[in-house]
Amino acid sequence: MRGRRATVTFAVLTLIAVLLTGCTRNIGGRAVSIYDDPFKVAGLPTTSGPNGPRTGIPDSTLTASNSDGGPIDKLVLNALDDIQTYWQGEYPKEFDGAFTPVDKFISWSAKAPRAQSVQFCQESTYRLVNAAFCSLDGSIGWDRTVLLPTVQDTFGKMSVVTVLAHEYGHAIQTMANIVNRKTPTLVKEQQADCFSGAFIRYVAEGKAKHFTINTSDGLNAILATTVAIRDENPNDPGSVHGSAFERVTAVQVGFTDGPKGCKGIDTKEIERRRGNLPQSLGSDTADNETDVDQAHLDQLTKEMAAIMPISKEPKYSYDSAKMSCRNGKDTEPVTYCPATNTIGTDLPALHDRGVVNTDEQDGLPVKVTGAFTAYVVFISRYALAVQQSTGQTLKGAKTGLRAACLSGVITGKMADPSRSKSDGDIGLSSGDLDEAVSGLLTDGLAASDTDGNTVPSGFSRVDAFRAGVLGNQNTCTSRYS
């Protein structure tokens, strides 16, 4: 979102995969994968605790024109102060030339009458619900009364900080001359998403003066914001920022690999990452979602067996998810029992999980649901059967992450245009991936073991699923062995 008025309310907030290679650290001469410990988040410990402003820290001395001096502006200016401190240290490591901090900030109220509006990027701020970097004069501006309060109320103060980190990412692009007028907007936006992820890691490492964030529910909220603020309809010509899946990917690249990884995001990288993944909603819209019923689940079982065949296919029961399994617990609405190699499903409960949350569309949706929110849980129980067939343990954190990863592999293969419909006729749309990601952030059931246990980090759960979508079965085995 570069400098001009947004055409769709809230779509201007860009926020949020690691590339599948190079994610190792060297310890004592031994290359150790950052995925060795499932209770770490891209190499950092999984932490709980406070998220947001640190207590007892003086406010920044930065100022914004037209500010009301209120709490939102103080929050934003403190964020910009920490962001600039971060880039003062990081910019010389990755880019040529000197880092020049942004020195013009503008605050406005989208609720103010026309007579009280100001100019931002050669445009009136009257009813302007936006936050943006303006390349015309190098300024950053924000609406303090509608946009940022809505983000804060829904996802917390750190999500507001991430919005500003994204906008500052556009300033870094311009300063470093890594984009120009011919650069596709999608590339600019995903680079900025990535830069915001790099800054959030700096905060997670405890290095920011004004803010702190934990790597469990804190990071989960950042990614949930990204899911909520996405291109909902890729068929719309104005949708140029990427799906939630793509934006989460970009943020995770930044969090894991830093600015160096962000520089690698260009048109070719995005096209390679997209592969055969759907870029349109097709017929899978809120008005025409696949109904989660036994007929469609039967089709899904055919697809899973064709995509990832195993010697002993599980049996399926649609009477209940209460299995009384001697070596596993019920994980309603879908349970896998290793002892009997059976997947039991509570059809009404699974159907309810897949209902589209159209009632939340007046604001920012806390979660995005649809048929695939249900399907990915069903697929993940088959992924446990796959693990049993290869002799892998079915309890523990790595089991759950393998289940999410293998579910991602199956999901990605469902988009293969060469796949025969005789092997199952459940299609995949771009919105399906967003629904899966949202479910993984919400409760992580699709990333759980046979006892229903999962890691506390939604970041790690989503990362496992994403690795499978973009990789293959070997990816999952090597990551989470």
Side-chain angles (χ1 to χ4, degrees), residues 1-15 52-54 57-88 91 98-153 157-176 179 188-189 192 195-196 199 203 208-211 229:
M1 65 223 63
R2 304 290 297 275
R4 310 306 288 178
R5 182 181 297 270
T7 57
V8 180
T9 302
F10 299 126
V12 297
L13 281 182
T14 53
L15 304 167
R54 295 182 183 274
I57 303 298
D59 288 328
S60 170
T61 58
L62 294 176
T63 60
S65 64
N66 196 50
S67 173
D68 66 352
I72 288 292
D73 280 357
K74 288 181 180 179
L75 176 68
V76 169
L77 292 171
N78 286 338
L80 290 167
D81 196 333
D82 283 2
I83 293 165
Q84 294 199 147
T85 300
Y86 168 75
W87 282 112
Q88 284 171 345
Y91 189 92
F99 171 73
T100 304
V102 175
D103 60 4
K104 185 177 181 181
F105 305 114
I106 303 172
S107 168
W108 67 82
S109 169
K111 295 180 177 180
R114 188 183 299 274
Q116 295 178 16
S117 66
V118 295
Q119 290 288 305
F120 172 67
C121 212
Q122 298 183 1
E123 194 168 356
S124 170
T125 59
Y126 178 62
R127 295 184 177 178
L128 178 59
V129 181
N130 202 350
F133 167 73
C134 177
S135 59
L136 299 179
D137 61 4
S139 65
I140 291 177
W142 59 90
D143 161 38
R144 64 175 179 265
T145 58
V146 179
L147 178 62
L148 297 188
T150 301
V151 173
Q152 175 180 284
D153 291 347
K157 293 180 179 180
M158 284 308 300
S159 292
V160 174
V161 174
T162 307
V163 171
L164 275 301
H166 170 97
E167 298 309 336
Y168 213 102
H170 285 308
I172 295 299
Q173 291 172 330
T174 301
M175 195 182 308
V179 298
K188 296 176 184 178
E189 294 300 330
F195 285 141
S196 73
F199 170 73
V203 179
K209 177 181 178 180
H210 293 96
F211 297 94
I229 305 166

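These numbers were taken from a predicted model, which means no experiment stands behind them.
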For this session: Over all heavy atoms of both residues, which pair between Gly138 and Val102 is shortest? Give the atoms and the distance, please.
Result: O-CG1, 3.3 Å

Problem set entry | Heavy-atom pair with the smallest gap, counting every atom of Pro53 and Leu75 | CG-CD1, 4.2 Å

For this session: Ignoring hydrogens and angles, tell me if any N or O in the side chain of His210 forms a donor-acceptor pair with the backbone of Pro58 under 3.5 Å.
Result: yes

Exercise. Atom CZ of Phe120 and atom CD1 of Ile140: how far apart are they, to the nearest 0.5 Å?
Worked result: 8.0 Å

For this session: Would you mind listing every salt bridge (Lys or Arg N to Asp or Glu O under 4.0 Å) that reaches into residues 75-84, with sequence neighbours excluded?
Result: none

Seminar exercise, completed: Taken in chain and number order and not counting sequence neighbours, the residues that satisfy side-chain contact (heavy atoms from CB on, under 4.5 Å) with Pro149 are Ile72

For this session: Look up atom CD in Glu167 and atom CG in Asn130, then write down how far apart they are to the nearest 0.5 Å.
Result: 7.0 Å

For this session: Could you list all the salt bridge (Lys or Arg N to Asp or Glu O under 4.0 Å) pairs where at least one residue sits in residues 111-120, not counting sequence neighbours?
Result: none

Exercise. When rounded to the nearest 0.5 angstrom, what is the spacing between CD1 in Ile106 and OG1 in Thr125?
Worked result: 9.0 Å

Problem set entry | Atom pair OG1 (Thr100) and CD (Gln84), whose distance is rounded to the nearest 0.5 Å | 10.5 Å

Exercise. Residues two or more places apart in sequence or in another chain: which of them pass salt bridge (Lys or Arg N to Asp or Glu O under 4.0 Å) with Asp68?
Worked result: Arg144

Seminar exercise, completed: Between the SG atom in Cys134 and the NE2 atom in His170, the distance rounded to the nearest 0.5 Å is 12.0 Å

Seminar exercise, completed: Sorted by chain and number, sequence neighbours left out, ring pair (Phe, Tyr, Trp, His ring centres under 6.0 Å) with Phe105 holds for none

For this session: Applying ring pair (Phe, Tyr, Trp, His ring centres under 6.0 Å), name anything that partners Phe211, two or more places apart in sequence or on another chain.
Result: none

Problem set entry | For Thr145, all residues meeting side chain to side chain donor-acceptor pair (under 3.5 Å), sequence neighbours excluded | Ser109, Asp143

For this session: Decide yes or no on side chain to side chain contact (heavy atoms under 4.5 Å, CB included) for Val203 and Phe199, but give the supporting numbers first.
Result: CA-CA 7 Å; Val203 179; Phe199 170 73; 3.6 Å; yes

Exercise. Taking all atoms of both residues into account, what is the closest heavy-atom pair of Ala131 and Leu147, and its distance?
Worked result: N-CD2, 3.5 Å

Exercise. Nearest 0.5 Å, what's the OG-CG distance between Ser159 and Asp153?
Worked result: 11.0 Å

For this session: List for me each residue that meets salt bridge (Lys or Arg N to Asp or Glu O under 4.0 Å) alongside Asp137, sequence neighbours excluded, and say none if there are none.
Result: Lys104

Exercise. Can you name the residues that form a side-chain contact (heavy atoms from CB on, under 4.5 Å) with Gln116, not counting sequence neighbours?
Worked result: Ala112, Pro113

For this session: Not counting sequence neighbours, list each pair that qualifies as a side-chain hydrogen bond (donor to acceptor under 3.5 Å, both in side chains) and has a residue in residues 70-79.
Result: Asp59-Asn78, Ser67-Asp73, Asp73-Ser107, Asp73-Trp142

For this session: Please tell me if the side chains of Leu164 and Tyr168 come closer than 4.5 Å, counting only heavy atoms from C-beta onward.
Result: no

For this session: State, with a plain yes or no, whether a side-chain heavy atom of Met175 is found less than 4.5 Å away from one of Tyr91.
Result: yes

For this session: Would you name the heavy atoms of Ala208 and Arg54 that are closest together and state the gap between them?
Result: O-NE, 3.0 Å

Problem set entry | Val160 side chain near Lys157 side chain, heavy-atom distance below 4.5 Å | no

Seminar exercise, completed: For Gln152, the side chain to side chain donor-acceptor pair (under 3.5 Å) test, sequence neighbours excluded, returns none

